[in-house]
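To keep things clear, I will list the structure first and then write my remarks on it.
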Amino acid sequence: MPELPEVESLAAFLRERAVGRAVLGVDVVAIQALKTFDPPVTALGGLTITGVSRHGKFLDFDCDGLHLVIHLARAGWLRWRDDLSGAKPVRPGKGPLAVRVRLAPDELGLAPGFELTEAGTQKRLAVYVVKNPDEVPGVAALGPDPLADTFTIDALKAIVGGNRTQIKGLLRDQKVIAGIGNAYSDEVLHAARMSPFKIASSLTDAQIADLHEAIVTTLHEAVERARGLAAKDLKAEKKSGLRVHNRTGRPCDVCGDTIREVSFADSSLQYCPTCQTGGKPLADRRLSKLLK
C-alpha cells in the first residue's frame, strides 16, 4: 500500500507535470472506484489543475476549486503517461485499469495524463469529485500529519496517554496519525527499538520522545530518498529502503539477529527480537504476548 512518503513523492512529481494543465477528460473504467456523483466526474472537463496536495494517504488535485481526491488503497497505483493521445478505449472489467485522466495537449501535440490501476480482486481504490476535500469521509476523519510542525512530542504524548491500544495498531490508525501504514509502522518501531505489542499508555516520557524521533526521522528520510524520482520508480525505492518490513528471515542491519514475523488474517508485521523485544520472539497470533 502506498503510504505517506510515496504519496508525498507522487504529489511532488505531479505538481511538476500536471499543474497548469487543463483536464481534457476523465474516463472511469471501474465504476466501483467512483464514490461520488455530485458534482459529476464530467464537471472536471475543461478545468485547470492548479495544485496537487496530500492528506494522509489521499492525493488531492485542485481543479479550479473542484477537487479530484484519490485513495490508492492496498493495491492501487498511479502511472504517468507522457502521451495518451493514442491510448485505446478500455472496456470495464478488462485488466487493472480503473481510471484514466487525460490532459490537454502541449505545444508538441503530446496529450499527457495518468492512469489509476489496481491489481488483485479486492477493489478498494477510491476516487471522489468534491467541492471541498473535507467532504471525503476518510479525509475529514484524519488525525494529525506527522510531517507537520504541530506534530510535537507533546502532541504525541496526548495521543498515547490513556490509550490501551497496542502501539503497532495505534500507529496504523488514520484517525490517530495520518499517513502511516503497515510498512512504515514496522520501520518506525524498529527505529524506536519498541515492541509492536507494547501498550501505548505504558510508554514513558523518554519512550514517547524516542518514538516521536523515530516517526519523524523515518518518514522524512523516506521522503528524501524518493525526492525527484519518477512515479514508476517509487515502489522499488520504498522496498530498497525498508530495514525490517517484508524482510522475514533476513539479518537485521543493526544487530544481525534474524528478522521475524507475526501473521494475521489479512496482514503481517516484521520485527527484530534483539532490537525490539529483549531477544524474545513474539507469539504468532493476533493477540500475541511475549513468550515466557
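What you see below is based on every heavy atom in this structure, not just the backbone, and it leaves out hydrogens, waters and symmetry mates. Numbering of residues begins at 1 and proceeds along the displayed sequence.
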Result of checking Ile167, Leu269, Leu189 against Phe197 for side-chain contact (heavy atoms from CB on, under 4.5 Å)
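Filter result, single survivor: Leu269.
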
Among Glu221, Arg227, Arg225, find the one that has a side-chain contact (heavy atoms from CB on, under 4.5 Å) with Val223.
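So, applying the side-chain contact (heavy atoms from CB on, under 4.5 Å) to Val223 and each of Glu221, Arg227, Arg225, only Arg227 qualifies.
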
Tell me whether [Y] is reachable from [X] by hopping between hydrophobic residues (I, L, V, M, F, W, Y) whose side-chain heavy atoms are closer than 4.5 Å.
| X | Y | value |
| --- | --- | --- |
| Phe13 | Val19 | yes |
| Val99 | Val29 | no |
| Leu10 | Leu103 | yes |
| Leu44 | Leu59 | yes |
| Ile215 | Val244 | no |

What class does the angle between the rings of Phe114 and Trp80 fall in, given that below 30° is parallel, 30 to 60° is tilted and above 60° is perpendicular?
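Answer is parallel, since the angle falls under 30°.
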
For the residue pair His212 and Phe151, does the interplanar ring angle fall in the parallel (under 30°), tilted (30 to 60°) or perpendicular (over 60°) class?
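Taking Phe151 first and then His212, their aromatic rings lie parallel (interplane angle under 30°).
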
State whether a side-chain donor-acceptor pair under 3.5 Å links Ser185 with Glu187.
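No, no side-chain donor-acceptor pair sits under 3.5 Å.
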
Apply the test side chain to side chain donor-acceptor pair (under 3.5 Å) to residues Thr152 and Asp154: give CA-CA distance (whole Å), side-chain angles for both, the deciding distance (0.1 Å), then the verdict.
CA-CA 5 Å; Thr152 61; Asp154 285 341; 5.2 Å; no

Indicate yes or no for a side-chain donor-acceptor contact from [X] to the backbone of [Y] under 3.5 Å, with no hydrogens or angles considered.
| X | Y | value |
| --- | --- | --- |
| Ser240 | Glu237 | yes |
| Thr36 | Val129 | yes |
| Gln270 | Arg260 | no |
| Lys168 | Asn182 | yes |
| Ser202 | Ile199 | yes |
| Lys35 | Gln32 | yes |
| Gln174 | Arg172 | yes |
| Tyr271 | Leu282 | yes |
| Asp106 | Gly109 | yes |

For a salt bridge (Lys or Arg N to Asp or Glu O under 4.0 Å) check, start with the C-alpha distance between Asp186 and Arg243, then their side-chain angles and the critical distance, and finish with the verdict.
CA-CA 9 Å; Asp186 283 350; Arg243 296 192 297 178; over 6 Å; no

Would you indicate whether [X], at its atom [atom1], is surrounded by more than 12 heavy atoms from other residues, nucleotides or ligands within a distance under 6.0 Å?
| X | atom1 | value |
| --- | --- | --- |
| Gln122 | CD | no |
| Arg15 | CZ | yes |
| Lys131 | NZ | no |
| Lys123 | NZ | yes |

How many angstroms lie between [atom1] in [X] and [atom2] in [Y], if you round to the nearest 0.5 Å?
| X | Y | atom1 | atom2 | answer |
| --- | --- | --- | --- | --- |
| His71 | Phe58 | NE2 | CZ | 4.5 Å |
| Ile159 | Ser201 | CD1 | OG | 14.0 Å |
| Leu47 | Asp62 | CG | CG | 9.5 Å |
| Leu116 | Arg100 | CG | CZ | 11.0 Å |
| Asp64 | Ile49 | CG | CD1 | 9.5 Å |
| Leu211 | Leu171 | CG | CG | 5.5 Å |

Pair [X] + [Y]: basic N to acidic O under 4.0 Å:
| X | Y | value |
| --- | --- | --- |
| Asp82 | Arg17 | no |
| Arg79 | Glu115 | no |
| Lys57 | Glu3 | no |
| Asp210 | Arg193 | no |
| Asp60 | Arg54 | no |

Write down the atom of Ser268, the atom of Ser263, and the distance for their closest heavy-atom approach.
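In terms of heavy atoms, the two residues are closest at CB-CA, 4.0 Å.
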
